[in-house]
Amino acid sequence: MAKELKNLTKREDNYSQWYNELVVKADLAEQSPVRGCMVIKPYGYAIWEKIQRILDDKFKETGHHNAYFPLLIPKSFLSKEAEHVEGFAKECAVVSHYRLKNSDDGSGVVVDPAAKLEEELIIRPTSETIIWSTYKNWIKSYRDLPILINQWANVMRWEMRPRLFLRTAEFLWQEGHTAHATKNEAEIEAKKIHNLYAEFLEKYMAIPVIKGVKTASERFAGALETYTIESMTQDGKALQCGTSHFLGQNFAKAFDVKYINKENKLEYVWATSWGVSTRLMGALIMAHSDDNGLVLPPKLAPIQVVIVPVYKTEIDLEKIDAKILKLIDKLKEKGISVKYDKTDNKRPGFKFAEYELKGIPVRLVMGLRDLENNTVELFRRDTLQKETVPYEGIENRVPALLESIQEGIFQKAFDYRAKHTFVVDTYNDFKIKIEEGNFVLAHWDGDTETEAKIKEETKATIRCIPLDYKSELGKCIYSGKNSEKRVLFARSY
RNA sequence: CGGGAUGUAGUUCAGUCCGGUUAGAAUACCUGGUUUGGGACCAGGGGGUCGAAGGUUCGAAUCCUUUCAUCCCGACCA
């Protein structure tokens, strides 16, 4: 089944084709009949559910509550915040009618022209507008603040070039929308979530990220500041994995959301919004996969350990069963998810390849040899190494191994990024390093026009102005003007 | 919406330039048997209006016209 996958090597021109095949063959998702939409299959969804559960807990720990706002937004709502419209109005799906009828010639159903809506409805591309029109009624006094709400939802953006997980017309995400009494409090919230996202990607998804802020031209429509985390894919491109926006009072003013402060004065509230989407799945796939398929970090793997018996007769299987079932109980006690695959319609070699393709972190094999020696074969997906270990005490070995894999794949991704990150000082070097597929740290004069020119000439954009790096005086690689800090350039998805 | 390519079995494709038996392969699927420590083997079987419509021809998967769809590269984007 995955044989063909081996014919494709990544990091070449066919990287995106390789990515597509991997997504389909690892059983994560497939295309739907509607262009740009995606069917997330059970295995892919199980990973997404893990992501959801972990993030959801973290949001709740930090005082947020879940709620749900409607899918459909009156068109007029989108006209209220000028910059927001500029950023989103173009690529939305629009509902214009509410009824179908049988066509006169009997060829099927048609839209009933009589059922035209007076005001069209927009399928949400993001929910700021509907949420802020609602918050207007919820917020009267400083005692109503802050409002810390998150929603898990689907949104729709009519993208011109969809890619499974990375950019689909409909995608699943969480979007947080908070309202605060003071500017400072809102800024703290935006940064808090930014850090929460970064930590989640590094600790759970094993993806190293660069934290930074977006330049004016890359900023979310309607935001004063956009905090971003950027990861690297194995073809050296950047992938924006999550954003947290400090919205200032823009939406409060557009939707007239005011509160009375302690001094009995009316004030506009301060806002943030933030989100991560199923794109994280794409980040996961692109960060860790190798030529054998997916590599899942243990903390997100729906199945952490798969056990495959190798046997000839039913009697052998019974003996293996006796030992394996005991082991499974012990592993489950330690909170490890285990799958015991003793189906006899596939040969062991086939199963090995299949579970590697699906990225299961650890595989245990017990065969006749092991029965005799009282051992188990232990295989780790990240390094593809096998070792034969004593059966006794294996339940203590596995948790440590899972941890080591979690760290190992993070380190591997980290080293990969380090190897593909360059500090450059001339435009010529810049072009070479970008062309090769790298992250490039270079000086920039802060001018939007310079940024646009560089993009036009090299297809590289400023992914972010990194927060964790020291400032350093230098000259802009393009204009030669003074610069105080290096920014991160890369081609991106 | 521009530039390029492709539509043939569930899937990946060959056949198209140069029209000619009953349209092929691999793989997947079904049946039986032998196998089982890295994607097994043997035997048998099912599966196609060759993307669609029209035209040329004694004859079209193949040539012509139209149309639809998909993929890749741009513009757009989490």
Side-chain angles (χ1 to χ4, degrees), chain A residues 1-8 13-17 19-21 24-25 30-31 33-36 86-92 125-126 154-175 197 214 217-221 226 228-231 238-245 273-283 292-293 308-314 316-317 320 342-357 363-373 375-377 379 384 386 388 455-456 459 461 463 491-493:
Chain A
M1 183 190 179
K3 246 180 221 164
E4 304 87 54
L5 197 63
K6 289 184 178 167
N7 300 335
L8 284 171
D13 298 346
N14 57 18
Y15 188 80
S16 55
Q17 198 182 336
Y19 169 82
N20 261 320
E21 274 189 42
V24 173
K25 286 183 175 150
E30 61 190 30
Q31 246 166 1
V34 176
R35 183 188 147 80
E86 191 56 36
F88 276 106
K90 293 170 253 170
E91 353 157 351
C92 294
T126 178
N154 56 343
V155 289
M156 190 156 233
R157 299 177 189 175
W158 212 260
E159 299 293 350
M160 310 188 191
R161 264 194 76 190
R163 281 166 178 287
L164 291 170
F165 288 119
L166 295 181
R167 200 183 305 106
T168 46
E170 180 191 8
F171 57 94
L172 306 181
W173 76 348
Q174 60 68 214
E175 46 180 328
Y197 285 160
K214 287 290 187 188
S217 65
E218 298 271 330
R219 208 174 278 153
F220 176 72
T226 289
T228 179
I229 49 174
E230 302 280 329
S231 77
L239 187 63
Q240 180 176 315
C241 290
T243 46
S244 176
H245 314 290
S273 70
W274 28 272
V276 294
S277 70
T278 35
R279 172 179 266 199
L280 288 180
M281 297 285 294
N292 292 334
V308 179
V310 180
Y311 59 95
K312 288 196 167 68
T313 65
E314 282 296 314
D316 296 335
L317 179 59
I320 293 170
K342 57 173 180 174
T343 50
D344 65 351
N345 51 10
K346 284 176 196 144
R347 304 174 80 238
F350 186 92
K351 292 178 188 173
F352 297 167
E354 197 174 33
Y355 292 118
E356 271 162 46
L357 175 62
R363 182 182 73 225
L364 300 178
V365 179
M366 185 177 278
L368 301 182
R369 243 165 27 208
D370 300 296
L371 271 185
E372 240 170 70
N373 304 330
T375 55
V376 177
E377 185 186 271
F379 171 90
L384 302 171
K386 288 187 245 205
T388 300
K455 181 177 180 182
E456 201 184 306
K459 286 190 269 180
T461 50
R463 301 319 305 154
R491 288 183 183 162
S492 75
Y493 276 100

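Below, each value reflects all heavy atoms present in this structure, side chains not excepted, and no hydrogens, waters or symmetry copies. Naming convention: chains lettered A, B, ... in sequence-line order (proteins, then strands); numbering from 1 in each chain.
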Regarding A:E159, tell me which of base, sugar-phosphate or nothing describes its non-hydrogen contacts under 4.0 Å with the strands shown. base

I want to verify a distance call: between B:U36, B:G39, B:A78, whose nearest atom is closest to the A:F350 side chain? B:G39

Distance-only donor-acceptor test, A:K386 side-chain atoms vs B:G38 base atoms, 3.5 Å: yes

Length of the CG-P vector between A:N20 and B:C71, whole Å: 9 Å

N/O-N/O pairs, protein side and nucleotides 30-32 of chain B side, under 3.5 Å:
none

Give the rounded distance in Å between these two atoms: CG of A:L371 and P of B:G37. 15 Å

Any strand: nucleotide that pairs with B:G46 via Watson-Crick or wobble, under 3.5 Å: none

Just to be sure I understand the rule, does A:T168 reach a base, reach only the sugar-phosphate, or reach nothing, if contact means heavy atoms closer than 4.0 Å? base

Return no unless some side-chain N or O of A:K455 is found under 4.0 Å from OP1 or OP2 of B:C76. yes

When rounded to the nearest Å, what value does the distance between P atoms of B:G54 and B:A5 take? 28 Å

Between B:G39, B:G37, B:A78, spot the one nearest the side chain of A:A353, thanks. B:G39

Distance in angstrom units between A:F220 CZ and B:C77 C1', rounded: 12 Å

Euclidean distance for P, B:U34 against B:G20 (whole angstrom): 47 Å

Under 4.0 Å between any heavy atoms, over every strand shown, what does A:L280 touch: base, sugar-phosphate, or nothing? Just pick one. nothing

Whole-Å gap separating P (B:U27) and CD (A:E21): 17 Å

A:R163 has an atom CZ; how far is it from atom C1' of B:C76, in whole Å? 13 Å

Students often get this wrong, so: under 4.0 angstrom with heavy atoms, is A:D370 touching a base, only sugar-phosphate, or nothing? base

Within this structure, what is the NZ-to-C1' distance between A:K346 and B:C41, rounded to whole angstrom? 19 Å

Rounded to whole angstrom, note down the P distance from B:G10 over to B:C50. 13 Å

Base, sugar-phosphate or nothing for A:Y355? Non-hydrogen atoms, less than 4.0 Å. nothing

Whole-angstrom distance between B:G7 and B:A14, as gauged at atom C1': 14 Å

Hunt down the Watson-Crick or G-U wobble partner of B:A26, both distances under 3.5 Å, from any strand shown, or write none. B:U11

pair_partner(B:U65), Watson-Crick or wobble, both distances < 3.5 Å, evaluates to B:A53

So A:Q31, base contact, sugar-phosphate only, or nothing? Heavy-atom distance under 4.0 Å. sugar-phosphate

Taking only side-chain N and O atoms of A:Q174, does any of them lie within less than 4.0 angstrom of OP1 or OP2 on B:A78? no

Taking only the side-chain heavy atoms of A:E377 (C-beta and beyond), determine which of B:G37, B:G39, B:A78 contains the nearest atom. B:G37

Counting only Watson-Crick pairs (N1-N3 plus N6-O4 or O6-N4) and G-U wobbles (N1-O2, O6-N3), all under 3.5 Å, who is the partner of B:U34? B:A40

Taking the C1' atom in each of B:U12 and B:A53, what is the distance between them to the nearest angstrom? 28 Å

Regarding A:D316, tell me which of base, sugar-phosphate or nothing describes its non-hydrogen contacts under 4.0 Å with the strands shown. nothing

NA contact type, A:L166, heavy-atom cut-off 4.0 Å: base, sugar-phosphate, or nothing? base

Does B:A40 have its OP1 or OP2 closer than 4.0 Å to a side-chain nitrogen or oxygen of A:R347? yes

Rounded to the nearest angstrom, tell me the gap between atom CZ in A:R463 and atom P in B:C77. 11 Å

The nucleotide from B:A78, B:U36, B:G38 with an atom nearest the side chain of A:V310 is B:U36

Rounding to an integer number of angstrom, what distance separates B:U11 and B:U70 when you compare their C1' atoms? 15 Å

Check if the side chain of A:E354 and the base of B:G39 share a donor-acceptor pair of N or O atoms closer than 3.5 Å. no

Separation of atom NE2 in A:H245 from atom P in B:A78, rounded to whole Å: 8 Å

Counting only Watson-Crick or G-U wobble pairs whose two distances fall under 3.5 Å, which nucleotide matches B:U70? B:A5

Look at the side chain of A:S16 and decide which nucleotide, out of B:A78, B:G37, B:C72, has an atom nearest to it. B:C72

By nearest nucleotide on RNA chain B, pick out whichever of A:Y311 and A:R279 is the more 5' one. A:Y311

Could you measure between the two P atoms, the one in B:A52 and the one in B:G45, and give it in whole Å? 29 Å

Can you confirm if the NZ or CZ of A:R279 lies within 45° of the ring axis of A:F171 and under 6.0 Å from the centre of its six-membered ring? no

When you measure from the side chain of A:P348, which nucleotide among B:U36, B:G38, B:C77 comes out closest? B:U36

What does A:K459 touch in the nucleic acid at a heavy-atom separation under 4.0 angstrom: a base, only the sugar-phosphate, or nothing? sugar-phosphate

Does a side-chain N or O from A:N345 land closer than 4.0 Å to OP1 or OP2 of B:U36, or not? no

P-based separation of B:A28 from B:G39 [nearest Å]: 13 Å

